Number of protein chains: 2
Amino acid sequence: MMLTDFKRDPYLRLLRPLVEAYLAFYRVSSRQIEFMGVTASQFDVIVELGDVDGMTCAELSKETLITKGTLTGVLDRLESKGIVQRQGVGGDRRAILVCLTNEGQQLYKHVFPTHADFLRPYFKNALSQEEVRIMTKYLLRLRDSFEPVASGKEKTSWNNIRD
Amino acid sequence: MMLTDFKRDPYLRLLRPLVEAYLAFYRVSSRQIEFMGVTASQFDVIVELGDVDGMTCAELSKETLITKGTLTGVLDRLESKGIVQRQGVGGDRRAILVCLTNEGQQLYKHVFPTHADFLRPYFKNALSQEEVRIMTKYLLRLRDSFEPVASGKEKTSWNNIRD
DNA sequence: TGACATTTGTCCTAATTAGGATTATATTAC
DNA sequence: GTAATATAATCCTAATTAGGACAAATGTCA
């Protein structure tokens with residue numbers, strides 16, 4: 001994280017507001033999600049798998065921003081809850097296809113809109129649509145500064161996150 | 001976290017850029033900090049204790065944004081490394097005062113400026129000073145939306161974070 | 001002063017987190 | 001076609017994460 005003592009620096013003063021805003025969001029969001037019986041990471045996986053036939057672990061990792069080591073455990077718990085299912089994928093015997101079960105689909109249809117409705121007012125009360133556009137632009141510039149886009153060959157692999 | 005499927009919503013579309021920017025920063029920053037032999041959370045504690053006589057756990061928790069349950073363990077590890085020290089504080093036998101040891105002070109004087117210099121270019125390359133000001137304003141509005149300031153009596157307690 | 005609530009820090013638990021090692025499979029280069 | 005390399009997913013580890021329970025100390029209020 002970092003924190004208090006960068007207040008004077010004209011650039012690093014952004015750091016604490018960034019962490020504070022993210023953590024405030026994350027903690028409120030996570031607590032709400034857990035009322036629905038899943039963790040925040042599990043929720044991310046469920047949302048990602050909704051409306052898709054299935055995804056490979058590498059794809060899921062890239063979309064959910066969960067690193068590979070973490071993802072295995074998250075999927076284990078979702079599988080033991082009967083929410084997702086791992087199947088082989090034709091053509092590559094290394095990969096697996098992670099899919100929602102019927103129960104998982106039901107859950108998705110409930111939790112996704114519910115949580116979207118829960119979160120929206122927090123953003124709406126803080127920022128106008130125009131401000132959202134501006135902030136999005138700045139945030140993406142910041143992201144790209146820390147994590148330059150791999151210009152070369154498209155990597156479908158873990159490398160998109162790291163390693 | 002959350003993720004991909006809010007792209008259309010005029011407010012929730014901010015969510016993914018926020019998470020991506022924060023995580024990109026956090027991962028780069030953490031890896032760099034760990035090269036110096038401490039974790040990101042340990043670094044936060046060290047930075048907070050630099051230039052201070054000592055802080056109580058509640059104060060440290062508020063400043064570092066580390067929740068109480070986590071903080072105990074972080075302090076345990078810092079103490080066993082000889083970086084911090086817990087002492088009793090006069091006047092309240094419940095509280096303890098966490099201080100940097102001499103070794104901890106030395107470490108602080110090295111790691112703090114080193115890491116500041118490491119981080120600065122990432123921000124500088126992404127945003128102008130004016131953009132930093134604007135973004136700070138928006139981030140704080142977002143934070144306050146998720147975590148309203150307790151208008152009433154100042155709470156010095158864990159409640160500032162949660163519970 | 002006594003009852004009652006609050007605060008402080010620790011302990012405990014389930015889960016996440018990230019990175020490195022590992023095994024199995026694909027892909028590439030020669 | 002085989003050797004070298006890269007990728008997929010899992011396993012392993014140390015550490016963080018947050019919340020609830022807890023005991024001790026302090027504060028409040030009648």
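Lettering follows sequence order; numbering is per chain, from 1. Because the structure is predicted, anything quoted here is derived from the model rather than measured.
In this model, the phosphate group of dA24(D) is not approached by any side-chain N or O of R93(B) to a distance below 4.0 Å at OP1 or OP2. OP1 or OP2 of dA18(D) has at least one side-chain nitrogen or oxygen of R27(A) nearer than 4.0 Å. Look at T56(B) and you'll find a side-chain N or O under 4.0 angstrom from OP1 or OP2 of dG9(C). Taking 4.0 angstrom as the limit, R86(A) places none of its side-chain polar atoms (N or O) nearer than this to OP1 or OP2 of dA9(D). In terms of phosphate contacts, S30(B) brings no side-chain nitrogen or oxygen within less than 4.0 Å of OP1 or OP2 of dA18(C).
Take the nearest nucleotide of DNA chain C for Q42(A) and for A95(B): the residue whose nucleotide is more 5' is A95(B).
Hydrophobic cluster membership differs between L140(B) and M135(B), with clusters built from Ile, Leu, Val, Met, Phe, Trp and Tyr side chains linked at under 4.5 angstrom.
For dA18(C), the base has a donor-acceptor partner in the side chain of T70(A) [N/O atoms by modelled type, under 3.5 angstrom]. Counting distance only, with no hydrogens placed and no angle test, the side-chain atoms of R94(B) and the base atoms of dT7(C) include a donor-acceptor pair under 3.5 Å. For dA9(D), its base never sits under 3.5 Å from the side chain of T72(A) at any donor and acceptor pair.
Rounded to whole Å, the distance from CG on L71(A) to C1' on dA8(D) is 12 Å. For the pair K68(B) NZ and dT17(D) C1', the computed distance is 11 Å after rounding to whole Å. For the pair L75(B) CG and dA15(D) P, the interatomic distance rounds to 14 Å; values are reported in whole Å. Between E34(B) atom CD and dA14(D) atom C1' the separation is 10 Å, expressed in whole Å. In this structure, CD of Q87(B) is placed 17 Å from C1' of dT8(C), rounded to the nearest angstrom. Taking atom CG on D92(B) and atom P on dA23(D), their separation rounds to 19 Å, with Å as the unit. Counting to the nearest Å, the C1' atom of dA15(D) and the CZ atom of F43(B) are 18 Å from each other. Here the C1' atom of nucleotide dA14(D) and the CG atom of D76(B) are 14 Å apart, to the nearest Å.
Taking a cutoff of 4.0 Å between a charged side-chain nitrogen and a carboxylate oxygen, R141(A) and E131(B) qualify as a salt bridge. Ionic pairing of R133(A) and E130(A) is present here: one or more N-O contacts between side-chain nitrogen and carboxylate oxygen are shorter than 4.0 angstrom.
Interatomic distance, F25(B) CZ to Y22(A) OH, rounded to the nearest 0.5 Å: 12.0 Å.
Of all nucleotides listed (dT10(D), dA26(C), dG9(C)), dT10(D) comes nearest to the side chain of I96(A).
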side-chain hydrogen bond (donor to acceptor under 3.5 Å, both in side chains) between K124(A) and Q129(A), intermediate numbers included:
CA-CA 8 Å; K124(A) 198 161 179 173; Q129(A) 292 194 22; over 6 Å; no
